[in-house]
Amino acid sequence: MADVRKLLDRLQQQGVRIDVLIDNVGIQKRDQIITKEGLETSFATNILSHYLLTTGLLERGLLSPQATVIEVSSGGMYNHMMVLKDLNITGEGYLGVRAYGLSKRAQVMLAAHWREQHGGRGMEFYAMHPGWVDTAAVGRSMPRFRAMLKSVLREHYQGADTIVWLADKRPKQKQVEAIWFDRKERPVHIYEHTPKSTATRGQLAEYLAGWVKG
């Protein structure tokens with residue numbers, strides 16, 4: 001988080017104005033790793049840093065009036081309903097795939113929260129997922145999965161296609177909370193249990209704000 005704050009300070013000093021922000025930094029760890037700030041790495045990298053950077057840019061007026069913000073989520077979020085207390089999983093009970101999936105569900109909810117809060121100002125906020133791309137994270141965290149499905153995994157340019165398209169076309173989104181895949185707006189739930197999340201979008205934002213202020 002200290003590094004993100006330094007980045008915000010540097011951008012403000014440079015007087016930049018950002019038109020397209022792509023929150024794409026993410027990681028999936030098999031083993032639990034705690035940062036020097038006491039945070040679980042997936043939580044710190046995949047969602048808290050996104051929140052801190054984007055809200056910091058908004059507060060400092062560094063996003064243009066018609067800016068587009070794109071959260072790069074994952075189809076892995078489909079397996080998980082939001083449980084706030086599990087977002088920053090430390091100690092016993094850690095499961096890398098769950099930590100990753102929860103952070104990716106949080107990205108989708110956060111994009112919708114920002115759409116509700118700032119969409120009326122002319123800004124666009126999207127969440128998307130690139131499909132199964134042959135990334136280093138997939139190779140490290142799911143080697144057997146990668147070995148079995150390598151022939152159908154996507155190339156990087158295929159995964160990036162919808163990101164670039166959203167940044168260029170900025171289509172109107174029908175639902176407040178949605179996820180884009182292959183240039184189409186898709187539902188955020190495909191299983192019966194995931195709509196039963198124990199937190200709203202607003203509560204998620206408050207939770208993240210608490211970590212930033214703390």
Side-chain angles (χ1 to χ4, degrees), residues 1 21-30 32-33 35 39-55 69-91 93-119 124-133 135 137-138 141-142 145 159 162-163 166 173-182 184-212:
M1 297 307 103
L21 174 65
I22 302 170
D23 287 326
N24 183 48
V25 176
I27 195 167
Q28 181 172 336
K29 288 291 187 182
R30 185 185 305 177
Q32 182 177 164
I33 298 176
T35 71
L39 302 168
E40 189 275 318
T41 302
S42 297
F43 171 68
T45 307
N46 298 356
I47 185 63
L48 190 58
S49 65
H50 293 205
Y51 174 83
L52 177 56
L53 177 61
T54 305
T55 55
V69 178
I70 302 170
E71 281 288 329
V72 181
S73 184
S74 165
M77 69 97 189
Y78 276 120
N79 294 315
H80 302 274
M81 67 179 188
M82 179 49 59
V83 181
L84 285 183
K85 66 180 181 64
D86 291 345
L87 259 181
N88 184 36
I89 302 175
T90 57
Y94 175 81
L95 184 62
V97 172
R98 177 163 172 74
Y100 177 82
L102 282 173
S103 67
K104 292 299 178 177
R105 169 66 67 182
Q107 288 177 345
V108 176
M109 295 174 66
L110 191 57
H113 172 75
W114 285 328
R115 177 174 286 271
E116 288 180 313
Q117 296 295 309
H118 307 288
E124 292 287 354
F125 297 86
Y126 302 105
M128 64 79 64
H129 78 86
W132 287 109
V133 181
T135 65
V138 170
S141 301
M142 298 182 290
F145 172 89
T162 297
I163 300 172
L166 286 170
Q173 184 169 301
K174 297 177 182 178
Q175 302 296 322
V176 172
E177 187 170 326
I179 189 165
W180 290 77
F181 174 63
D182 284 351
K184 293 183 179 180
E185 182 179 338
R186 314 282 182 166
V188 298
H189 300 285
I190 59 175
Y191 300 120
E192 292 184 0
H193 71 284
T194 57
K196 302 174 184 177
S197 294
T198 59
T200 65
R201 296 188 287 267
Q203 289 170 332
L204 169 65
E206 290 178 5
Y207 175 81
L208 297 172
W211 282 104
V212 168

TODO: Could you note down all residue pairs passing salt bridge (Lys or Arg N to Asp or Glu O under 4.0 Å) where residues 70-91 supplies at least one of them, sequence neighbours left out?
DONE: D86-R98
TODO: Name all residues meeting the salt bridge (charged side-chain N to carboxylate O under 4.0 Å, His left out) criterion together with R201; count only those two or more places apart in sequence or in a different chain, and write none if there are none.
DONE: E116, E177
- [ ] Could you list the residues that satisfy salt bridge (charged side-chain N to carboxylate O under 4.0 Å, His left out) with D23, not counting sequence neighbours?
- [x] none
- [ ] State which residues pass ring-ring contact (aromatic ring centres under 6.0 Å, His included) with Y51; sequence neighbours excluded, sorted by chain then number.
- [x] none
Task: M77 side chain reached by Q107 side chain, heavy atoms, under 4.5 Å - done: no
Open item on the list: How long is the straight-line distance from CG of L102 back to CD1 of I89, given to the nearest 0.5 Å?
Closed with: 5.5 Å
Task: Polar side-chain atom of Q32 near backbone of G91 as donor-acceptor pair, under 3.5 Å - done: yes
- [ ] With sequence neighbours left out, write down each residue that passes side-chain contact (heavy atoms from CB on, under 4.5 Å) with Q173, or none if nothing qualifies.
- [x] R115, Y126, A178, W180, E185
Task: side-chain contact (heavy atoms from CB on, under 4.5 Å) partners of V25, counting only residues at least two apart - done: T45, H50
Task: T198 vs L84 side-chain heavy atoms within contact, under 4.5 Å - done: no
- [ ] With sequence neighbours left out, write down each residue that passes side chain to side chain donor-acceptor pair (under 3.5 Å) with T194, or none if nothing qualifies.
- [x] H189
Open item on the list: Among residues at least two apart in sequence or on other chains, which ones pass side chain to side chain donor-acceptor pair (under 3.5 Å) with D182?
Closed with: R154
Task: Within-4.5 Å side-chain heavy-atom neighbours: M1 and S49 - done: yes
Open item on the list: Let me confirm one number: the CD1-CG distance from I47 to L110, rounded to the nearest 0.5 Å.
Closed with: 4.5 Å
Open item on the list: If we ignore hydrogens and angles and just use 3.5 Å, is the side chain of H193 paired with the main-chain N or O of N79 as donor and acceptor?
Closed with: yes
Task: Partners meeting side-chain contact (heavy atoms from CB on, under 4.5 Å) with I33 (sequence neighbours left out) - done: K29, T41
TODO: Return yes if some donor-acceptor pair links the side-chain N/O of K104 with the main-chain N/O of A99 below 3.5 Å, else return no.
DONE: no
Task: Separation of Y191 OH from M81 CE (nearest 0.5 Å) - done: 15.0 Å
Open item on the list: If the condition is side-chain contact (heavy atoms from CB on, under 4.5 Å), which residues does H129 pass it with, not counting sequence neighbours?
Closed with: Y78, I179, F181
Task: Separation between CG of L208 and OG1 of T55, rounded to the nearest 0.5 Å - done: 9.0 Å
- [ ] Would you check, one step at a time, whether the test side chain to side chain contact (heavy atoms under 4.5 Å, CB included) holds for N46 with Q28?
- [x] CA-CA 9 Å; N46 298 356; Q28 181 172 336; over 6 Å; no
Open item on the list: I want to check something: taking the side chain as every heavy atom from C-beta on, are L204 and L87 in contact at a cut-off of under 4.5 Å?
Closed with: yes
